[in-house]
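Numbered from 1 within each chain, the chains take letters A, B, ... in sequence-line order.
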Protein chains: 2
Amino acid sequence: MKKNGEDRRTAKTRASLHQALISLILRKGYDSVTVQDIIDEANVGRSTFYSHYTGKEDLFRKGFDSLRQLLGEHQNRALRSRAGVKDRILAFSRPMFEHAADHKEVYQALVGNRGGMVALYQIQRFLTELVRADLTATLGADKSNTGQRELVIQFVVGAFMAVLTWWLDHKARIPPERIDAWFRSMAMESILSIG
Amino acid sequence: MKKNGEDRRTAKTRASLHQALISLILRKGYDSVTVQDIIDEANVGRSTFYSHYTGKEDLFRKGFDSLRQLLGEHQNRALRSRAGVKDRILAFSRPMFEHAADHKEVYQALVGNRGGMVALYQIQRFLTELVRADLTATLGADKSNTGQRELVIQFVVGAFMAVLTWWLDHKARIPPERIDAWFRSMAMESILSIG
DNA sequence: TCACAATTAAACACAGTGTGCGGCAACCAA
DNA sequence: TTGGTTGCCGCACACTGTGTTTAATTGTGA
């Protein structure tokens, strides 16, 4: 099963670089990882790196994008298989916790204090879209002229990221379905109280 | 009213540096601010900078600490003057929104995407303590063996930071007391739903 | 096999860091 | 006012990391 026009070398190089970045983030935090570190860890020439990516952030973004795509597929799969759940409020939560459990290392490299501002900002933006769509689907469009709906979205996103981070760094592992239940029962009340 | 052992020069220098850092963070974001930028903006010699602080992060931390102290004083003042409010749950929220409104520039430099990971981490830690104490005072110590209480704290802290950030970046200015009411009514439900 | 594409090491100019030093000016106390 | 102290400055240095370019080498797919 050969890919058309995909040199094995480039694939291997890119994989090495992504893996190296994740390892290094977990080891010393995003901010203090240098391109030098990455190419050393990945055993890749300096010029090769720059022929693939414009810099550390570019490499990071590409990796984040593919993870996000995987998550998207998992979301669809989950929502399709569990019938009747699709229209439940905050349906994004469960699949996301599951996905995080399946890719714990990567998620830890992203959400904690290890991941940099770039990571946090990406995730925040992504989640905001997710939650906005979710609430629009379950509660309908926002009719009030004030920014109440937007406020609720930010509230939920912030809370979710905090819970996710805490859960990932927590020693005792709570199963995804339980943390999801906790989060949703808390968030639900908030939403219903205003939104 | 002279301070003992405080040279006017050092005071001026330190003030310049702190102001310069805030301005620069607002202009280009914490991460891309260099020591070079700071000393140029503040018109301070390179060696002078390093005689006061060990680096950018040190300067930032010292500034953050004094802001935190100001906030603490404001909290005490507010809680003392408004009798009967002291024992209300999540009492930290209102004074904090007020303080943020009074020091909007500085807060914007801290919490948004402009502030770096250092800032976020400091604030997160600080708020966690605040909320933990608050919940202990109003709900009593956590008796359950699970980490439910800790989870609730993280939930509330995350939500609060998100709301605060949104509020600061929001064009239409909502008065502190209103955003506080919104936040607390949302958070309260969450807490009570699990406790 | 063979042409082409990817990878490599090395060298470069550049920007920022943290330190050290001698001279100068502001400061505070007497 | 004066004098000793202290803080500030400008300059230079070694060091680390960046992003680009070159010419040579090696792997790949057809």
Side-chain angles (χ1 to χ4, degrees), chain A residues 1-63 66 114-119, chain B residues 1-63 66 114-119:
Chain A
M1 185 148 78
K2 271 185 221 157
K3 288 252 182 150
N4 252 357
E6 249 291 76
D7 199 320
R8 297 172 192 169
R9 287 171 292 179
T10 74
K12 194 189 287 189
T13 298
R14 285 203 255 257
S16 296
L17 290 172
H18 283 298
Q19 178 52 48
L21 180 58
I22 296 296
S23 302
L24 286 165
I25 290 177
L26 287 172
R27 206 177 308 154
K28 35 190 297 196
Y30 179 85
D31 288 333
S32 42
V33 172
T34 70
V35 174
Q36 203 60 244
D37 293 332
I38 300 173
I39 63 183
D40 286 348
E41 176 87 9
N43 267 309
V44 162
R46 182 169 200 73
S47 28
T48 306
F49 176 90
Y50 284 105
S51 76
H52 285 282
Y53 307 101
T54 69
K56 181 173 69 157
E57 195 172 318
D58 187 34
L59 169 62
F60 180 87
R61 264 197 227 290
K62 300 261 166 74
S66 54
R114 293 181 263 265
M117 278 274 82
V118 214
Chain B
M1 184 145 87
K2 270 186 222 155
K3 288 253 181 151
N4 253 356
E6 249 293 73
D7 198 322
R8 297 173 193 168
R9 288 171 292 179
T10 74
K12 195 189 288 188
T13 299
R14 283 203 257 257
S16 296
L17 289 173
H18 279 114
Q19 179 50 48
L21 180 58
I22 297 297
S23 302
L24 286 165
I25 290 177
L26 287 171
R27 206 178 309 155
K28 35 190 297 201
Y30 180 85
D31 287 333
S32 43
V33 172
T34 70
V35 174
Q36 203 59 243
D37 293 332
I38 300 173
I39 63 182
D40 287 348
E41 176 87 8
N43 266 310
V44 162
R46 181 167 201 75
S47 24
T48 305
F49 177 89
Y50 283 107
S51 77
H52 284 283
Y53 307 101
T54 70
K56 181 173 69 159
E57 194 171 319
D58 187 32
L59 170 62
F60 180 86
R61 265 198 227 294
K62 301 260 166 74
S66 54
R114 292 180 263 265
M117 278 274 83
V118 214

Matching residue for E41(B) among L21(B), L24(B), L17(B) - test: side chain to side chain contact (heavy atoms under 4.5 Å, CB included):
L24(B)
Gap between atoms CG and C1', on N43(B) and dC8(D) respectively (whole Å)
12 Å
Taking S32(B) for its side chain and K28(B) for its backbone only, find out whether a donor-acceptor pair lies under 3.5 Å.
yes
In whole angstroms, the gap separating C1' of dC27(C) from CG of D7(B) amounts to 5 Å
Checking dC8(D), dC27(C), dA6(C) against the side chain of S51(B) (C-beta onward), the nearest is dC8(D)
When the distance from CD of E6(B) to P of dA29(C) is rounded to whole Å, what number comes out?
12 Å
Would F60(A) and Y53(A) satisfy ring pair (Phe, Tyr, Trp, His ring centres under 6.0 Å), going step by step from the backbone distance to the final call?
CA-CA 9 Å; F60(A) 180 87; Y53(A) 307 101; over 10 Å; no
Donor-acceptor pair, D58(A) side chain versus G55(A) backbone, under 3.5 Å?
no
Assign a letter to each nucleotide of nucleotides 13-23 of chain C from its 5' end: B, base within under 4.0 Å of a protein heavy atom; S, sugar-phosphate only; -, no contact.
---SBBBBB--
T13(B) vs dG7(D): side-chain N/O to OP1/OP2 distance below 4.0 Å
no
Between F49(B) (CZ) and dG7(D) (P), how many Å, whole number?
17 Å
With rounding to the nearest 0.5 angstrom, report the OG1 to CD distance, T54(B) to E57(B).
8.0 Å
Within 45° cone and under 6.0 Å: K56(A) NZ/CZ vs F49(A) ring
no
Among E6(B), R8(B), K12(B), which residue satisfies the side-chain hydrogen bond (donor to acceptor under 3.5 Å, both in side chains) criterion with T10(B)?
E6(B)
Whether R8(B) contacts dC28(C) is assessed here as follows: a side-chain N or O lying under 4.0 Å from the phosphate OP1 or OP2. Is that the case?
yes
For atom CD1 of I39(A) and atom P of dT7(C), their distance in whole Å
13 Å
To the nearest angstrom, the CZ-P distance between R9(A) and dA6(C) comes to 7 Å
What does T48(A) touch in the nucleic acid at a heavy-atom separation under 4.0 angstrom: a base, only the sugar-phosphate, or nothing?
base
Nearest whole Å is fine: how far is dG19(D) P from H52(A) NE2?
16 Å
